[in-house]
Number of protein chains: 2
Amino acid sequence: MRLSKRGEYGLRAMIALAEPAEKSSAPQMMQIKDIAAREQISAKFLEQILLALKNAGMLHSKMGVGGGYYLARSAKEITLGQIFRVLDGPVAPIKCVSHMAYEPCGCPDEETCGLRLTMNDVRNAIADILDNTSLSDVTKRQHAVRKKLGIK
Amino acid sequence: MRLSKRGEYGLRAMIALAEPAEKSSAPQMMQIKDIAAREQISAKFLEQILLALKNAGMLHSKMGVGGGYYLARSAKEITLGQIFRVLDGPVAPIKCVSHMAYEPCGCPDEETCGLRLTMNDVRNAIADILDNTSLSDVTKRQHAVRKKLGIK
DNA sequence: AATAAAGTCTATTACAATACTAGACTTTCA
DNA sequence: TGAAAGTCTAGTATTGTAATAGACTTTATT
């Protein structure tokens, strides 16, 4: 049940890109090195991650001087589940309950396998959260916590 | 978010050990090779897994001819969460929300980190299921499904 | 046109984890 | 006493993770 560094960095980067877009509805462009510096991540590693996200259609980019990355859709329309699946693969803890990468596990009878039934509940619980939490939800929540703790 | 083979086999074995105990309340003893055969698992690999579970106090064993393994407590008192943690470690998707193996992640401010807040929800959702599902719950559910599908 | 700043793409690498396998040892029962 | 069972430690092949490296392309500025 682990989120990889790849997944963690990618999610953090996407949240960072969504953050300024909170107020101005125009998509905010940021450069790899700035995100890397802010999140304390290897820029070279982050580069690969953002590229993957771009190839998955979640980011757009601009090359050359003054270029950078920006969200391909509004922060409300991008969920953590979408990002997670691009970077870390299926959400399901075991293949036999995966929606995006189903494979039979070794149990004698899948239909009545108690482990499978429970792991299916787990999968759904995780997917419920990740697929119903948008980048916008995350940045809103961050701002709410900051406000509660006194400006900052 | 993956259950390892180690975790999968261990959980399946524990469920197998709980299964016959469903009717007779006396703990049922089973041998490694029988569990391995029934669940189609390498007996040698399963051996290590059961040993780990034994050392964690969840199984008892009897050596020598006619020996085997049996649950150390009743199937009602053993949860999937306990088993999972022995075999696969913390349930949390990221260290900074782990109850059993907390470590700070790299984010600038943990208290207001949106990723952390969401991953904490995920952790709790998983733990809620795994810690509130006992081996007895699993075997009961299996029987219910079997009945629904017509005896078997 | 030249240069520098930015993203693009592919390959390689170091390390750790996973999923086993092997084999010697100990305990127990018949 | 011998076979059947669990115990314990070590080793190994494969894969996954987390990077690192470097050459290439595009674009803005001077």
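Order of the sequence lines sets the chain letters (A, B, ...), proteins ahead of strands, with each chain counted from 1. Note that the structure is a prediction, hence the values are computed from the model and not measured.
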To the nearest Å, give me how far apart [atom1] ([X]) and [atom2] ([N]) are.
{"X": "L87(B)", "N": "dA19(C)", "atom1": "CG", "atom2": "P", "value": "11 Å"}
{"X": "I41(B)", "N": "dT18(C)", "atom1": "CD1", "atom2": "P", "value": "17 Å"}
{"X": "F45(B)", "N": "dA22(C)", "atom1": "CZ", "atom2": "P", "value": "15 Å"}
{"X": "K5(A)", "N": "dA17(C)", "atom1": "NZ", "atom2": "P", "value": "13 Å"}
{"X": "R2(A)", "N": "dA18(D)", "atom1": "CZ", "atom2": "P", "value": "11 Å"}
{"X": "I49(B)", "N": "dT18(C)", "atom1": "CD1", "atom2": "C1'", "value": "11 Å"}
{"X": "M29(A)", "N": "dT27(D)", "atom1": "CE", "atom2": "P", "value": "12 Å"}
{"X": "L59(B)", "N": "dA5(D)", "atom1": "CG", "atom2": "C1'", "value": "15 Å"}

- Note on the structure: CG (L130(A)) and CG (D128(A)) are apart, to the nearest 0.5 Å, by 10.0 Å
- Sequence-distant partners of S61(A), side-chain hydrogen bond (donor to acceptor under 3.5 Å, both in side chains), two or more places apart: K54(A)
- Remaining members of Y70(A)'s ILVMFWY cluster at a side-chain heavy-atom cut-off under 4.5 Å? M29(A)
- Query: Any side-chain heavy atom of R146(A) within less than 4.5 Å of one from Q142(A)?
  - Reply: yes
- Task: Would you check if H143(B) and E19(B) make a side-chain contact, meaning some heavy-atom pair closer than 4.5 Å?
- Result: yes
- Is any side-chain N or O of S42(A) closer than 4.0 Å to OP1 or OP2 of dT20(D)? yes
- Report, as a single string ordered 5' to 3', how protein heavy atoms within less than 4.0 Å touch nucleotides 1-9 of chain C: B base, S sugar-phosphate only, - not at all. ---BBBBBB
- Message: We want to know whether D121(A) and T118(A) form a side-chain donor-acceptor pair, criterion being a heavy-atom distance below 3.5 angstrom.
- Response: no
